Amino acid sequence: MKPFFIYNTLSRTVEEFVPLKPGVVTLYSCGPTVYLPQHLGNMRTYLCTDTLKRALRLNGYQVRHVMNITDVGHMTSDQDAGEDKIEKTARAEGRSPREVADYYTQLFIRDLEMLRIERPTVPPGQFCRATDHIADMIALIQRILDRGYAYVVGSGVYFDVEKWRGPGAKGRLSRQSLEEQYSEQRLEHASDKRSKHDFALWVLNQPHHLMQWDSPWGRGYPGWHIECSAMSMKYLGETLDIHTGGLDHIPIHHENEIAQSESATGRPFVRYFVHYAFLVGMEGAKISKSSGKFPVLTDLIAAGIDPMAFRLFCLGAKYRSELAFSLDAVRAAQTNFEYFTEFARSMPPDACSAPDSGWTQSYFNRFIDSLNNDLNTPQALAVTLELIGESYRRKDRCVWSTLTKMDSVLGLGMEEIRRQAASQTLPTEIEALRAERDQARQKKDFRRSDELRRELQARGYEVKDTPSGTVLQPRR
RNA sequence: GGCGGCGUACCCAAGUGGUUAAGGGAGAGGUCUGCAAAACCUCGAUGCAGCGGUUCGAAUCCGCUCGCCGCCUCCA
């Protein structure tokens, strides 16, 4: 097994990845809050996690992956007051919070499927909904209380951040002391919590909140961070190998998750934190839900772009680099994707079943080396394209098993594309037109043949006269 | 104010001390072809924001300057 290196936010260096249990990786990724469609920036992070999973699997690991769906209540601000975003959408759309969450969960899963992002593996194929884990959260909060790192007041159960950290200590992820981190705090706290640094584990006495549950401390609902700790530890154990999320989660959300989890268990919570950089828009500005304007996957599809082109676009940049989004850049990826599909479609069947030529081995080695070097997908992609180019140059198509192994990480669905093309059957009237055109060409009746080509094009087929015969390809 | 990051060809983007600065897109040339389309091949930065410095050697390390962005409020 080759060593796999990944950047760990805890150490701020690239480290060799060694799982707690040999051969098995426990992976938790922060999923979406479902009150709006997920924008392309969100999808990039799920694509990054998917690539990480696939790369680990290519390295021989079994990946135990949990992902949550936040379908209840965090606030528009991190304070006690404020509005639950799901409830806000519910009011705006005249639906119940449950309906809103279900609807946007569905949209999210549909987008994942279109992008060929694999589902979590624990529980198999399931996303963990926060509302299905209220009891687990309550139990975890109780453990924190028992350990003395939380307290109960009228407005809720709070985590005692200062006690946990100790005086003047810096955050493990934020690398700032509480004073530094919150020096510019813009919101005032009309709250009965002991310190402005404390965060809610359980919120009480918010009668207007629609989603509430009974708890040992009274009716209420969970705080923002607790679900991730509860669900990850429930399914993966008290110490996780890898925890992923967007860069924005480093100083608050993940910092707090560590505090909650470790105060409850007394053990290290996460061994490697992996954080993804943003997809940015024009002039490098962040795309975000709160900014109001954000492109979604269906916008791309409406613009004639295949979801796989977006996947390829994302693979073209490192997960730790900002990626500049533009329709032109994604169109470039679309063209590049068609280069892949062309290669798959034109695979001779006998070459697919033949063993790969020896020269492919070095390409595969470079491919996996690139991935193992902090998930350098642009380099891995470049190697893949070089393999295809070399296959054309050598006129040697015995590369398919190598290419499909590479595609097990790239996730473009090469084998599916090949199979589909190989088993493509044309509608009878189209087939008749094609046959008639062939005859006309044989008779050198080029007027008729050009007419028939226009007819086929009008019906949505690209006509390609190749040395091995005419090929019709449905136009997208 | 604190913390973090970025600036590589027309566009997207790897490379972070050492042979000719990956790859993709666009563009230019070419092969194939009845024509076309598609496909394939070839070529594209003597230079990496600017200026200094360290070094036998720097896009890569250090300093300064200019420009851009993120987090510190929910956010991937």
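Quick caveat: nothing in here was measured; it's all calculated off a predicted structure. Throughout, a chain's letter reflects where its sequence line sits, starting with A, and its residues are numbered from 1.
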Exercise. Of all the nucleotides listed (B:A37, B:G70, B:A26), which has the minimum atom distance to the side chain of A:T335?
Worked result: B:A26
Exercise. B:A22 and B:A45: how far apart are their C1' atoms, nearest whole angstrom?
Worked result: 13 Å
Exercise. Which whole-number value in Å describes the distance from A:L279 CG to B:G70 P?
Worked result: 13 Å
Exercise. For B:U73, does OP1 or OP2 lie under 4.0 Å from any side-chain N or O of A:W224?
Worked result: no
For this session: Mind listing the residues from residues 101-109 of chain A sitting with a heavy atom below 4.0 Å of RNA chain B? Number order is fine.
Result: none
Could you go over nucleotides 40-43 of chain B and give all protein N or O partners under 3.5 Å, atom names and distances?
{"residue": "B:U42", "atom": "OP1", "partner": "A:R393", "partner atom": "NE", "Å": "3.4"}

Exercise. Is A:L385 touching bases, backbone alone, or none of the nucleic acid, heavy atoms closer than 4.0 Å?
Worked result: sugar-phosphate
For this session: Find the distance A:Y35:OH to B:C75:C1' and express it as a whole number of Å.
Result: 6 Å
For this session: Determine the interatomic distance between P on B:G67 and the same-named atom on B:G50; round to the nearest Å.
Result: 15 Å
Problem set entry | Between B:U60 and B:C51 - P atom distance, rounded Å | 12 Å
Exercise. What nucleic acid atoms does A:R345 come within less than 4.0 Å of, heavy atoms only: base, sugar-phosphate, or nothing?
Worked result: nothing
Exercise. Can you tell me how far C1' in B:C6 sits from the matching atom in B:U31, rounded to whole Å?
Worked result: 43 Å
For this session: Would you mind listing every salt bridge (Lys or Arg N to Asp or Glu O under 4.0 Å) that reaches into residues 27-52 of chain A, with sequence neighbours excluded?
Result: A:D50-A:R54, A:D50-A:R311
For this session: Take the protein atom NE2 of A:H197 and the nucleotide atom P of B:C72, then report the distance between them rounded to whole Å.
Result: 16 Å
For this session: Applying salt bridge (charged side-chain N to carboxylate O under 4.0 Å, His left out), name anything that partners A:R345, two or more places apart in sequence or on another chain.
Result: none
Problem set entry | Close aromatic pair by centroid cut-off 6.0 Å: A:H249 and A:H275 | no
Problem set entry | C1' atoms of B:C43 and B:A26, separation to the nearest Å | 14 Å
Exercise. Touch check for A:R437, heavy atoms < 4.0 angstrom, all strands: base, sugar-phosphate only, or nothing?
Worked result: base
For this session: Taking atom P in both B:C61 and B:G17, compute the distance separating them and give it to the nearest angstrom.
Result: 7 Å
Exercise. What pairs with A:R397 under salt bridge (charged side-chain N to carboxylate O under 4.0 Å, His left out), at least two apart in sequence or on another chain?
Worked result: none
Exercise. Between A:F5 and A:F17, does the ring centroid distance fall short of 6.0 Å?
Worked result: no
Exercise. Using atom C1' of each nucleotide, how far apart are B:U8 and B:G23 to the nearest Å?
Worked result: 14 Å
Problem set entry | Residues which pass side chain to side chain donor-acceptor pair (under 3.5 Å) with A:R393, listed by chain and number, not counting sequence neighbours | A:E390
For this session: Pick base, sugar-phosphate or nothing for A:S174, based on heavy-atom distances below 4.0 Å to the nucleic acid.
Result: sugar-phosphate
Seminar exercise, completed: For B:A13, the nucleotide meeting Watson-Crick or G-U wobble distances (both under 3.5 Å) is none
Exercise. Counting side-chain heavy atoms from CB outward, which of B:A37, B:G23, B:C35 is closest to A:K464?
Worked result: B:A37
For this session: Using both distances under 3.5 Å as the test, list the Watson-Crick or G-U wobble partner of B:G18, or none.
Result: B:C56
Problem set entry | Contacts of A:D438 that satisfy salt bridge (charged side-chain N to carboxylate O under 4.0 Å, His left out) - sequence neighbours left out | A:R434
Problem set entry | Separation of the C1' atoms in B:G15 and B:G7, to the nearest angstrom | 15 Å
For this session: Determine whether any donor atom in the side chain of A:S177 lies under 3.5 Å from an acceptor atom in the base of B:G2, or the reverse, and answer yes or no.
Result: no
For this session: Nearest whole angstrom, please: distance from the C1' of B:G1 to the CD of A:Q176.
Result: 11 Å
For this session: Would you kindly check whether a donor in the side chain of A:D445 faces an acceptor in the base of B:G34, or vice versa, at under 3.5 angstrom?
Result: no
Exercise. Below 4.0 angstrom, N of the basic side chain to O of the carboxylate: do A:E451 and A:R454 qualify?
Worked result: no
Exercise. Can you tell me if A:H253 and A:H225 form a side-chain donor-acceptor pair at under 3.5 Å?
Worked result: yes
Exercise. Is there a donor on the side chain of A:R453 or the base of B:A36 sitting less than 3.5 Å from an acceptor on the other?
Worked result: yes
Problem set entry | Sugar-phosphate or base contact per nucleotide [nucleotides 11-17 of chain B; S, B, -; heavy atom under 4.0 Å] | -SSSS--
Problem set entry | Residues that A:Y46 engages under side chain to side chain donor-acceptor pair (under 3.5 Å), provided they are two or more places apart | none
Exercise. Is there a Watson-Crick or G-U wobble partner for B:U33 with both distances under 3.5 Å, and if so, which one is it?
Worked result: none
Exercise. Looking at B:C75, B:A38, B:C74, which one has an atom nearest to any side-chain atom of A:D248?
Worked result: B:C75
Exercise. Nearest-Å distance, CZ (A:R454) to P (B:C35)?
Worked result: 16 Å
Exercise. Do A:Y392 and A:F343 make the cut of ring centroids closer than 6.0 angstrom?
Worked result: yes
Exercise. Contact class for A:H253 (heavy atom, under 4.0 Å): base, sugar-phosphate, or nothing?
Worked result: nothing
Exercise. Considering residues at least two apart in sequence or located in another chain, which fulfil the side chain to side chain donor-acceptor pair (under 3.5 Å) criterion with A:S357?
Worked result: A:D396
Exercise. Once you round it to whole Å, what is the distance between P of B:C72 and NE2 of A:H254?
Worked result: 14 Å
Exercise. Are the aromatic rings of A:Y221 and A:H209 close, with centres under 6.0 Å apart?
Worked result: yes
For this session: Round to the nearest Å and state the distance from A:N68 atom CG to B:C75 atom P.
Result: 11 Å
Problem set entry | For A:T131, all residues meeting side chain to side chain donor-acceptor pair (under 3.5 Å), sequence neighbours excluded | A:D71, A:R98
For this session: Determine the contact category for A:R331: base if any of its heavy atoms lies under 4.0 Å from a base atom, sugar-phosphate if only primed atoms, P, OP1 or OP2 are that close, otherwise nothing.
Result: nothing
Exercise. So which nucleotide from B:G34, B:C75, B:A22 ends up closest to the side chain of A:E386?
Worked result: B:A22
Exercise. A:K405: what forms a salt bridge (charged side-chain N to carboxylate O under 4.0 Å, His left out) with it, not counting sequence neighbours?
Worked result: none
